[in-house]
Amino acid sequence: MRTRPLKVALLGCGVVGSEVARIMTTHADDLAQRIGAPLELAGVAVRRPDRVRAGIDPGLVTTDAAALAAREDVDVAVEVIGGIEPARSLITSAFEHGASVVTANKALLAEDGATLHESAEKHGVDLYYEAAVAAAIPLVRPLRESLAGDEVGRVLGIVNGTTNFILDRMESTGAGYSEALDEATALGYAEADPTADVEGFDAAAKAAILAGIAFHTRVRLDDVHREGLADVTAADIASAKRMGCTVKLLAICERAADGRSVTARVHPAMIPLSHPLASVREAYNAVFVESEAAGQLMFYGPGAGGSPTASAVLGDLVAACRNKLSGGRGPGESAYAQLPVSPMGEVVTRYHISLDVADKPGVLAQVATVFAEHGVSIDTVRQKGKEGPHDGAWLVVVTHRAPDAALSATVEALRSLDTVRGVASIMRVEGE
């Protein structure tokens with residue numbers, strides 16, 4: 001074993017960063033044996049230096065993250081600050097000064113991953129980011145390495161624990177969206193500002209990363225169609241149950257049938273109870289991968305939290321350090337395909353549509369005519385009279401597969417019918 005330590009710069013020391021430092025200290029001997037050399041913290045960049053950080057030498061703490069990232073003696077920089085800046089500048093500086101980088105920064109990778117990969121390649125160093133997608137769940141490495149000889153056709157996943165917890169509570173307790181969100185906040189699953197989670201931004205960033213790796217093409221956050229949870233109602237959950245389905249916020253990345261384009265999207269969807277993702281409860285994550293040779297694979301586990309995320313960071317740190325010792329490099333970006341990303345309108349899917357209609361003869365015929373005019377075939381129809389003093393009925397239509405643009409046009413045309421009082425809910429049906 002080499003006695004001279006490999007030096008690690010820790011950029012950020014919040015929940016994840018402090019756990020990374022703790023594991024590096026408590027498992028120092030084991031990590032040294034696995035790597036072939038001991039690890040040494042070269043410095044810890046923080047915003048509030050006066051805060052007590054158990055187990056970290058105060059002499060290593062600095063507020064000058066730029067100087068730490070630019071140190072010539074640093075072998076690997078671990079970036080767990082998050083956000084776009086200063087993270088991007090710090091990572092680029094680390095590359096320029098010969099350090100490999102391990103990051104958990106999904107937002108930056110989805111926004112500007114191509115630039116980071118190019119910089120790492122230019123300077124002959126590594127960029128690892130297992131923790132950016134699903135914390136402790138091994139997902140990036142299997143897609144990037146284990147399935148490198150296969151052709152992935154689809155990646156379908158629950159990649160946000162907060163939204164899965166909310167939907168699970170709505171289903172299991174009958175709670176409304178706001179009540180379930182309040183519970184998620186009280187238990188610490190949701191942030192004080194839950195926007196990134198409940199509006200799908202977090203999942204969309206992860207979808208962009210997954211699509212890029214799976215399909216060997218560059219997919220940015222702006223390429224991902226995104227819808228959040230705010231419009232999901234208790235009635236949607238109940239309707240899904242009647243269909244033998246459950247509702248999940250899904251990240252879906254697909255290669256077109258002709259192989260010439262890809263799509264990436266995040267939205268609530270009904271999936272059959274028979275699908276493996278339907279049983280994923282609480283704040284857990286799971287990703288279902290469909291490939292030509294390997295078939296169907298599922299990756300499951302805790303997708304967030306300090307310890308799970310730190311586990312993925314340490315795994316990448318070990319890999320980057322081993323490469324430093326051997327003089328080799330890990331896999332870089334493999335975006336050779338450069339497939340175009342098709343708009344959401346070209347996605348072929350199914351719809352579940354709930355309509356508030358007048359309860360009188362001819363309504364169903366009018367509704368069916370609108371579907372036919374837009375080339376959308378109806379699979380099932382269910383009608384139920386409304387309770388209360390006002391006449392009317394609920395009409396629930398489930399379609400066959402059709403382009404999303406045709407389905408959207410159908411819904412708009414339904415809104416214009418005099419016999420349709422309102423479109424109560426619209427949800428896609430996936431996983432069949």
Side-chain angles (χ1 to χ4, degrees), residues 8-23 43-49 51 53 56 61-66 68-69 76-95 99-113 115-117 119-120 127-137 139-140 159-163 188-210 220-222 224 226 251 266 283 285 302-317:
V8 178
L10 184 57
L11 307 174
C13 196
V15 173
V16 176
S18 59
E19 187 66 6
V20 169
R22 185 193 68 79
I23 295 173
V44 181
V46 302
R47 286 186 297 177
R48 296 186 291 274
R51 184 175 173 184
R53 293 172 173 85
I56 296 178
V61 176
T62 177
T63 57
D64 194 345
L68 178 59
V76 181
V78 174
E79 185 275 309
V80 284
I81 296 172
I84 306 301
E85 288 292 353
R88 175 167 42 200
S89 297
L90 294 174
I91 290 173
T92 301
S93 177
F95 288 152
S100 293
V101 170
V102 173
T103 179
N105 197 330
K106 56 186 170 289
L108 178 57
L109 288 163
E111 178 70 27
D112 204 18
T115 301
L116 297 183
H117 277 290
S119 182
L127 173 63
Y128 281 100
Y129 46 90
E130 184 68 69
V133 177
I137 304 173
L139 185 58
V140 171
V159 294
N160 183 273
T162 300
T163 52
Y189 292 124
E191 301 287 344
D193 180 1
T195 302
D197 292 326
V198 300
E199 292 191 7
F201 289 102
D202 175 83
K206 295 171 181 177
I209 296 169
L210 289 173
R220 290 170 50 91
L221 181 60
D222 291 346
V224 182
R226 176 190 55 79
V266 168
N285 284 190
S307 294
T309 306
S311 171
V313 169
L314 265 295
D316 281 348
L317 179 59

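Since we're looking at a predicted model, the values are computed, not measured.
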Tell me if a side-chain donor or acceptor on Arg48 pairs with a main-chain N or O of Val46 at a distance below 3.5 Å. no
The test is side chain to side chain donor-acceptor pair (under 3.5 Å); show your working for Asp193 and Thr195 and say whether it passes. CA-CA 6 Å; Asp193 180 1; Thr195 302; 2.6 Å; yes
Mind checking the OG-CZ spacing from Ser307 to Arg22? Nearest 0.5 Å is all I need. 6.0 Å
With sequence neighbours excluded, residues passing salt bridge (Lys or Arg N to Asp or Glu O under 4.0 Å) with Asp202: Lys106, Lys206
With distance as the sole test, does Asn105 use its side chain to make a donor-acceptor pair with the main-chain N or O of Ile84 at under 3.5 Å? no
Spacing of OH belonging to Tyr128 relative to CG belonging to Leu317, to within rounding of 0.5 Å: 11.0 Å
Has Glu130 got a side-chain atom pairing as donor or acceptor with Val140's backbone, closer than 3.5 angstrom? yes
Exercise: identify the closest heavy-atom pair between Ala203 and Ala251: O-CB, 4.4 Å
Please round to the nearest 0.5 Å and tell me the distance separating atom CG of Leu109 and atom CD1 of Ile209. 4.5 Å
For the residue pair Asp316 and Ala131, what are the closest heavy atoms and their distance? OD2-N, 4.2 Å
Tell me the closest heavy-atom pair linking Ala304 and Ala135, and the distance in Å. N-CB, 3.6 Å
Side-chain (Thr309) to main-chain (Gly306) donor-acceptor, under 3.5 angstrom: no
Heavy atoms only: give me the nearest Val266-Gly200 pair and the separation to one decimal. CG1-O, 4.2 Å
Could you tell me whether the side chain of Thr162 and the main chain of Tyr189 form a donor-acceptor pair under 3.5 Å? yes
Hey, what do you get for CG (Leu108) to CG (Leu221), rounding to the nearest 0.5 Å? 11.5 Å
Considering the options Thr103, Leu90, Ile91, which one meets the side-chain contact (heavy atoms from CB on, under 4.5 Å) requirement together with Ile81? Leu90
Please find the pair of heavy atoms, one from Gly12 and one from Val80, that lie closest to each other, and give the distance. O-CG2, 3.4 Å
What are the two closest non-hydrogen atoms of Leu116 and Leu127, and how far apart are they? CB-CD2, 3.9 Å
